[in-house]
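A short worksheet on the structure shown next.
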2 protein chains.
Amino acid sequence: MEALPTNEGDPGSTSSSTSGAEAAAEPHTVTIYDVARAAGVGIATVSRALRGSAPVADATRAKILRVVDELGFRPSHLGTSLAEKRHAAAGIVFPDLSGPYYAEVVMGHEEAASRLGRSVLIQGTNGRTDPIAAARDLAGRVDGLVVLGRTVPDALVEEILAQGVPVVLLARPSVGNADSLRVDNLTAARALGEHLGTHHFAQVRFLGSPDSSHDVAERWAGIFQGLARSATRLDLTPCNLDEESGTRVARAVLAGPDRPDALVCANDEIALGAIVAAEEAGLTVGVDIAITGWDDIMAARHARPGLTTVRQPMRLLGAHAAEVLDERISRTRTTPRHEILPAELVVRSSCGSHPQGDRR
Amino acid sequence: MEALPTNEGDPGSTSSSTSGAEAAAEPHTVTIYDVARAAGVGIATVSRALRGSAPVADATRAKILRVVDELGFRPSHLGTSLAEKRHAAAGIVFPDLSGPYYAEVVMGHEEAASRLGRSVLIQGTNGRTDPIAAARDLAGRVDGLVVLGRTVPDALVEEILAQGVPVVLLARPSVGNADSLRVDNLTAARALGEHLGTHHFAQVRFLGSPDSSHDVAERWAGIFQGLARSATRLDLTPCNLDEESGTRVARAVLAGPDRPDALVCANDEIALGAIVAAEEAGLTVGVDIAITGWDDIMAARHARPGLTTVRQPMRLLGAHAAEVLDERISRTRTTPRHEILPAELVVRSSCGSHPQGDRR
DNA sequence: CTGAAAGCGCTAACAT
DNA sequence: ATGTTAGCGCTTTCAG
């Protein structure tokens with residue numbers, strides 16, 4: 001297996017031990033006082049020259065800039081922030097096992113927030129002993145917070161809002177006067193349900209736990225509605241949102257009584273896991289059994305058969321959250337905004353239908 | 001005194017265990033002074049009671065805690081940090097098109113850093129107009145920085161180190177006395193090369209740009225070495241590290257003269273893109289042509305045929321960086337540490353070999 | 001146009 | 001054990 005030689009006995013000793021002398025003691029960080037003194041002006045003038053908050057004589061400014069450059073002065077963010085009473089940063093909290101979905105949303109957010117001149121702090125709530133404390137702490141270090149899913153309890157959201165920190169809720173019902181962004185799961189789920197109904201499946205099994213997340217609840221409801229008119233039977237088997245759970249649960253479902261001819265999974269990871277289980281059981285996915293996912297993560301389109309799924313605009317969701325948050329932080333808007341982004345049904349061959357956008 | 005419930009109706013009320021007086025429009029954020037006054041003590045005592053930095057009489061502490069609760073006091077991170085001269089945060093910079101690889105590393109880092117009591121700031125350098133400025137800015141907001149790839153120029157790394165901010169370099173040659181963490185690309189690449197050589201491929205084509213990244217350079221070198229003893233011919237075609245480029249470049253390569261019977265791609269995304277191109281060309285991957293990737297991202301194992309690749313411990317890389325950085329920040333260690341983590345060759349069927357760890 | 005000085009909120013001596 | 005008082009580094013009146 002992995003007979004890969006780690007590395008030689010040689011512990012990276014290599015390294016340039018540098019000249020040891022210079023790298024060591026940096027006694028005094030350069031402050032605005034140092035610059036002022038060296039330039040023969042007051043600190044206020046330095047501040048003004050650097051941020052252009054007030055007119056400064058050209059000569060003075062030139063001198064200051066030169067000194068700044070010579071001394072390598074970098075204004076302390078801490079000092080600035082304390083004085084300005086703002087962090088120039090936004091935070092984003094995301095839950096549990098962070099799969100591709102959360103990662104995409106976070107990255108999308110970072111890109112947009114960065115463009116808006118705000119740094120972004122991320123905080124997962126995985127193994128955190130106290131996720132509540134972690135979220136509360138984060139709230140104290142940012143000018144605005146994006147909360148993904150049900151990570152943070154409503155009470156805490158209220159508390160954070162009361163502290164004056166704007167909150168944007170993603171994929172979760174609104175709380176207080178927080179903004180919210182969601183994807184139209186219901187419509188897409190209904191479309192998926194109808195699609196399956198049209199193709200005359202006899203027994204559809206939903207893999208997922210509606211009470212574990214609002215998103216999943218909507219998907220389940222939509223599927224239910226979409227199948228309402230057909231003669232299809234619809235059942236539910238609870239399942240966590242990870243691949244391993246998908247495989248395990250699907251394995252049980254396929255081995256049990258009333259074997260369904262379609263597995264509608266709450267997300268792509270479950271579906272990909274289910275595909276493994278189906279193949280194990282000797283079934284040909286897309287022929288003997290239909291399997292669908294949700295999200296359209298990268299692996300969904302590379303799986304064979306291609307996974308029929310519902311595409312969520314993950315990066316956009318994160319990016320849009322940054323914009324919505326920005327309006328609140330900059331007080332451009334003070335009333336809550338609630339938006340619902342559309343999701344798109346992507347039919348590939350895992351559900352046996354005529355593939356569309358699939359390459360096989 | 002400051003009870004002026006002038007604001008419009010129905011603020012979330014519920015909230016804290018407060019006496020309800022200050023719930024509405026709080027013009028004045030609760031500071032340590034407010035607590036001290038309300039508790040009839042000095043601010044130092046409040047500080048001591050809250051952080052346990054010195055003994056405080058039980059009665060006093062109790063009173064303070066009660067007041068803190070009533071007023072909903074939360075120490076300002078800004079004030080604390082400025083006084084302590086530390087941010088209690090680490091930063092991580094990652095480059096260009098952030099695919100699954102970077103996301104995994106970042107998430108792994110977040111989890112470990114959080115566990116070490118440090119928040120994490122992320123900074124991509126995608127569309128940033130000025131990535132250098134972005135990185136420099138980040139450096140000013142953290143106690144330590146992780147730099148992924150060649151995002152940040154050496155000179156800037158030196159500058160940041162000189163500011164007294166420890167830096168851990170990931171997948172990149174060390175600079176100054178920064179720590180570095182890398183994956184043993186060379187050994188794994190050699191193993192892959194040998195594997196291919198053993199299977200008697202006639203023409204191997206490497207898809208990737210060795211001069212674009214140190215990692216890619218090592219992979220190319222390793223493949224070269226691994227194939228040295230066989231009669232296999234090895235060529236190189238430059239390619240960016242994304243899927244679309246993979247498809248495009250592979251398309252050209254497969255249509256051109258000297259069609260290779262094996263494509264060794266610099267990462268999984270290129271490989272997945274190449275698979276698309278191969279199938280378009282009517283080739284059966286794993287039979288007519290071998291295709292291999294690098295990283296072992298999620299899609300690699302769900303692709304059909306399963307993608308032969310080299311698994312990088314992505315999350316571990318990020319997590320370990322947090323630990324290495326922590327030693328520097330806490331000054332537990334002052335000499336640079338350079339580590340090389342092992343990578344693992346994962347043979348699946350995309351290279352035509354007997355699958356291992358593949359489900360088909 | 002520029003300087004002195006008063007904060008921003010908190011920690012940590014230094015005195016009691 | 002606890003209060004007083006300096007900072008931490010910067011922004012911003014308030015006076016020239």
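Numbers restart at 1 for each chain; the letters A, B, ... are given by sequence-line order, proteins then strands. Keep in mind it's a predicted model, so treat the numbers as computed, not measured.
Heavy atoms of B/G140 sit nowhere under 4.0 angstrom from any nucleic acid atom. No contact: B/S53 has no heavy atom under 4.0 Å from any strand. Contacts of A/V41 with the nucleic acid, taken as non-hydrogen atoms under 4.0 Å apart, involve only primed sugar atoms and P, OP1 or OP2.
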Donor-acceptor contacts, no H, no angles, side chain residues 41-52 of chain B, under 3.5 Å, sequence neighbours left out:
from, atom 1, to, atom 2, distance (Å)
B/R51, NH1, B/E84, OE2, 3.4
B/R51, NH2, B/E84, OE2, 2.5

Using a 3.5 Å cut-off and no angle test, enumerate the donor-acceptor pairs between side-chain atoms of residues 58-77 of chain A and protein atoms at least two apart in sequence or in another chain.
from, atom 1, to, atom 2, distance (Å)
A/R61, NH2, A/V56, O, 3.0
A/R74, NH2, B/E159, OE2, 3.4
A/S76, OG, A/L78, N, 3.2
A/S76, OG, A/G79, N, 3.0
A/H77, NE2, B/D137, OD1, 2.7

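Within residues 73-85 of chain B, the residues approached by DNA chain D to less than 4.0 Å at the level of any non-hydrogen atom are B/L82, B/A83, B/K85, in residue-number order.
At distances below 3.5 Å, not a single donor-acceptor pair connects side-chain atoms of A/D143 with backbone N or O atoms of A/R86. Looking only at distances, a side-chain donor or acceptor of B/R333 sits under 3.5 Å from a matching main-chain atom of B/V324.
Chain B approaches DNA chain D within less than 4.0 angstrom (heavy atoms of the protein), and the contacting nucleotides run 5' to 3' from D/dA1 to D/dG9.
A side chain to side chain contact (heavy atoms under 4.5 Å, CB included) with B/P95 holds for exactly one of B/T125, B/V152, B/V147; it is B/T125. Just one residue in the list B/L138, B/V165, B/V142 forms a side chain to side chain contact (heavy atoms under 4.5 Å, CB included) with B/I160, and that residue is B/V165.
In this view, B/E323 satisfies the salt bridge (Lys or Arg N to Asp or Glu O under 4.0 Å) rule with no residue, not counting sequence neighbours.
Side-chain N/O atoms of A/R86 include none lying less than 4.0 angstrom from OP1 or OP2 on C/dC8.
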Below 3.5 Å between N/O atoms, which protein atoms pair up with nucleotides 13-15 of chain C? Just atom names and distances, please.
none

